[in-house]
Amino acid sequence: MRAELAESFSIFRRILGLTRPYWRHISASVVLTVFYSLLSGASIYLFIPLLDILFHPEKVGAAASGDTGGVAFGLGTWFSGLKEDVIGAILAGSQTDALLRISVIIIVTFLLKNIFGYLQFFLMNYSEESIIRDLRNNLYRHLHSLPLGFFTNERTGDLISRVVNDVSVLNGGISAFFVTMMRQPLLIMVYLGLAFSLSWKLTLISLVVFPFTLAVIAWIALTLHRERGVTQERMADITAVLHETISGVKVVKAFGMEEFETKKFLQYTLAYLRSVLRINRIKDISSPATEFLSVIAGSVIVWYGGNQVLQETSLSASEFLGFLFIIFQIMPPIKELTNVANRIQEASAAAKRVFEIIDVEPGITSRPGARGVGDFTRSVEFRNVSFSYDGGQPVLKDISMVIGKGEVVALVGPSGAGKTTLVDLIPRFYDPEGGSILIDGCDLRELDLKSLRETIGIVTQETILFNDTIRNNIAYGLTECSVAGIEAAARAANAHGFIMEARDGYETVIGERGVKLSGGERQRLALARAILKNPPILILDEATSALDTGSELLVQEAIDRLMTGRTSVVIAHRLSTIQRASKIFVLDRGRIVGMGTHAELIADPAGLYKKLYDLQFRD
Ligand code: ADP
């Protein structure tokens with residue numbers, strides 16, 4: 001409990017920290033809220049003299065009546081005095097004068113109240129939305145500083161949901177805190193103060209009857225809130241099924257599971273329907289129930305207050321009506337306040353999820369004073385490197401290898417041997433747990449990260465293209481590059497031909513709303529991207545999936561051109577690559593189990609390489 005409190009407090013402090021750049025706006029908004037609340041009270045209170053002018057002409061022109069039942073302590077007396085002075089001034093002169101005066105005063109009061117109300121909301125909204133934008137930007141920037149290991153598949157949806165949904169929920173909490181928590185209690189205080197000044201006895205009676213009604217309202221609000229959570233979960237189930245089956249529609253069809261999936265879907269929509277209906281039932285009952293309860297409470301007050309007006313004359317009829325007005329104005333702010341706790345609770349849960357990401361340390365960064373790679377002259381060297389993901393099973397064990405400048409080195413091995421992991425260590429997507437990797441004799445961890453990654457080009461099996469023009473996709477990551485350079489790269493990658501056939505040539509947009517490219521075309525664009533970047537060191541993960549022969553040939557040519565004159569580490573799947581490689585490393589379960597040229601390795605009939613060759617490369 002104590003730990004929870006401490007946590008909530010620290011979350012709260014951090015949210016407050018976010019508001020710091022906007023404290024001027026927020027303070028102004030709070031000050032305006034005070035004015036707004038006072039004017040709200042005044043705007044209702046003004047109906048009392050209005051009623052007096054209309055129905056008690058004898059009061060007009062005379063001094064206002066003495067005792068109004070006000071509380072007899074310092075502030076009360078001062079307030080009663082002030083009230084009498086003001087009402088006296090309003091009621092001066094003839095009845096028509098007074099009527100005109102009160103009408104103008106009512107207009108001005110409402111005008112000011114609404115101007116203040118508008119400005120207050122405007123300033124608050126501005127601050128809130130800006131805070132949310134800042135937070136989203138920070139979060140996004142931070143995401144890019146996190147290590148690759150952070151971004152696993154399962155996490156993608158969760159991460160997106162945190163940046164999009166949780167940040168929005170947080171927004172609700174900020175407004176709940178600053179607007180509702182300021183405005184509503186102020187309004188309640190102003191109304192209560194006015195009610196007390198009119199009749200403390202009636203106010204006390206109201207305070208006894210109303211809480212009962214409010215308890216019911218609060219209970220309904222709470223139940224609704226809980227039920228909404230359930231509805232959201234049901235909706236999440238529906239979304240999950242949709243996502244899964246639409247993206248996996250091929251599998252569903254292939255296994256004849258349409259009926260099964262539909263049944264599952266029907267179950268979820270039924271659960272959702274039930275939950276929604278429950279919410280609506282509660283909602284539908286809430287307003288007649290609260291109305292009826294309010295009427296009971298109101299009637300008790302009317303009965304008691306009416307008696308006072310009729311018998312004791314301690315309260316004038318106008319004052320009594322004014323009192324009723326005021327006391328019913330207290331209800332909406334209280335209703336709002338019952339929601340606030342929920343909203344703040346939701347927001348702090350959301351904030352916690354957002355801060356959890358912000359608190360993840362950027363994994364791999366440049367050391368202060370790290371130096372640039374400079375010209376790559378000699379070698380990339382693995383020295384007794386070992387590695388495991390998150391301290392689990394070792395994935396790489398005691399790997400040592402030297403890749404000389406200009407060499408083409410092929411990595412082969414069964415699936416899961418650790419090839420991808422090994423090459424991922426070179427651009428420092430991960431750091432080794434034991435041993436070290438050196439470029440020209442310098443440990444990667446001593447080098448500037450940006451400079452290191454500029455030295456390396458990576459072409460993976462999965463070609464990631466962005467929703468942008470072909471030109472920008474090829475030039476991705478490069479700030480200065482000429483049109484001629486882009487075209488030359490595209491030609492070298494055998495991509496120029498199909499690009500020119502596309503509707504807008506190099507300006508054609510790829511992706512959702514643009515052209516669809518075949519697997520081979522996508523690969524050639526990725527290769528063009530690497531050729532244009534022109535890095536001295538190349539990491540290439542050859543595609544395992546076979547392309548049609550025409551495409552295959554064009555891709556192969558492009559790869560050959562890309563490797564020319566570069567130091568290349570290739571996860572090899574093509575016969576031509578292993579034949580061209582100056583060294584082949586055979587990996588098995590995280591260890592190097594063989595090294596040599598193709599001819600040397602194939603000579604051992606019992607070796608793993610021979611087996612792999614027969615399986616993977618032969619044809
Ligand atoms: P290969 O490229 O040779 O197929 P990988 O380097 O992809 O092998 O994988 C080596 C081992 O590491 C496998 O057992 C795989 O399950 C595991 N592995 C790969 N990526 C991750 C990851 N992000 N987290 C945990 N384990 C991983």
Side-chain angles (χ1 to χ4, degrees), residues 8-46 75 78-79 82-83 86 104-141 166-195 197 326 329-348 350-351 354-355 358:
S8 308
F9 188 65
S10 103
I11 289 178
F12 179 72
R13 274 211 349 232
R14 291 180 72 170
I15 297 178
L16 270 190
L18 295 173
T19 62
R20 199 168 299 138
Y22 305 98
W23 68 270
R24 278 197 198 88
H25 296 85
I26 293 174
S27 324
S29 179
V30 170
V31 171
L32 286 168
T33 306
V34 174
F35 284 120
Y36 172 86
S37 309
L38 291 175
L39 284 167
S40 294
S43 65
I44 288 171
Y45 194 80
L46 281 171
L75 192 66
W78 172 81
F79 185 68
L82 178 73
K83 206 176 65 185
V86 172
V104 172
I105 292 176
I106 286 179
I107 291 175
V108 172
T109 313
F110 271 86
L111 180 70
L112 286 179
K113 175 187 105 164
N114 286 317
I115 289 177
F116 287 151
Y118 166 77
L119 284 177
Q120 182 254 323
F121 267 119
F122 174 79
L123 287 172
M124 206 60 222
N125 274 334
Y126 170 80
S127 317
E128 243 170 36
E129 296 297 337
S130 307
I131 290 167
I132 293 310
R133 180 205 51 191
D134 293 352
L135 186 61
R136 226 173 237 148
N137 289 350
N138 286 345
L139 200 54
Y140 186 72
R141 194 169 291 130
D166 284 334
V167 171
S168 303
V169 173
L170 191 55
N171 191 1
I174 295 177
S175 75
F177 185 74
F178 283 104
V179 181
T180 319
M181 292 282 273
M182 303 275 172
R183 181 185 267 212
Q184 311 309 350
L186 266 172
L187 281 175
I188 293 172
M189 265 156 52
V190 168
Y191 292 140
L192 267 185
L194 282 176
S197 84
I326 288 166
Q329 291 294 324
I330 297 184
M331 299 287 276
I334 293 186
K335 242 179 171 173
E336 278 274 304
L337 277 179
T338 53
N339 272 325
V340 138
N342 288 332
R343 266 163 69 189
I344 289 184
Q345 197 188 0
E346 274 170 13
S348 71
V354 171
F355 291 143
I358 292 188

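This one's a predicted model, so the numbers in the text were calculated from it and none came from an experiment.
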Donor-acceptor list for residues 184-195 side chains, cut-off 3.5 Å, not counting sequence neighbours:
none

Check: [Y] and [X] side chains under 4.5 Å, non-hydrogen atoms:
X	Y	result
S130	Y22	yes
F110	I106	yes
F122	H25	no
E128	I131	no

Point-to-point distance, once rounded to the nearest 0.5 Å, from [atom1] of [X] to [atom2] of [Y]:
X	Y	atom1	atom2	result
S348	L170	OG	CG	9.0 Å
L16	I26	CG	CD1	8.5 Å
D134	R20	CG	CZ	13.0 Å
S127	I132	OG	CD1	11.5 Å

N/O donor to acceptor pairs below 3.5 angstrom from side-chain atoms of residues 32-43, sequence neighbours left out:
| residue | atom | partner | partner atom | Å |
| --- | --- | --- | --- | --- |
| T33 | OG1 | S29 | O | 2.7 |
| S37 | OG | T33 | O | 2.8 |
| S40 | OG | Y36 | O | 2.9 |
| S43 | OG | L39 | O | 3.3 |
| S43 | OG | S40 | O | 2.7 |

**Asked** At their closest point, which heavy atom of A347 faces which heavy atom of G173, and how far apart are they?
**Response**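 For A347 versus G173, the nearest heavy atoms are CB-CA, 3.3 Å.
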
**Request:** Quick one: do R183 and E336 satisfy side-chain contact (heavy atoms from CB on, under 4.5 Å)? Show the steps, please.
**Result:** CA-CA 10 Å; R183 181 185 267 212; E336 278 274 304; over 6 Å; no

**Message:** Restricting to salt bridge (Lys or Arg N to Asp or Glu O under 4.0 Å), what partner residues turn up for R136, sequence neighbours left out?
**Reply:**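 Counting only residues at least two positions away or on another chain, R136 forms no salt bridge (Lys or Arg N to Asp or Glu O under 4.0 Å).
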
**Item:** Single hit among V354, L139, N171 for side-chain contact (heavy atoms from CB on, under 4.5 Å) with D166
**Value:**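 Among V354, L139, N171, the one that satisfies the side-chain contact (heavy atoms from CB on, under 4.5 Å) with D166 is V354.
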
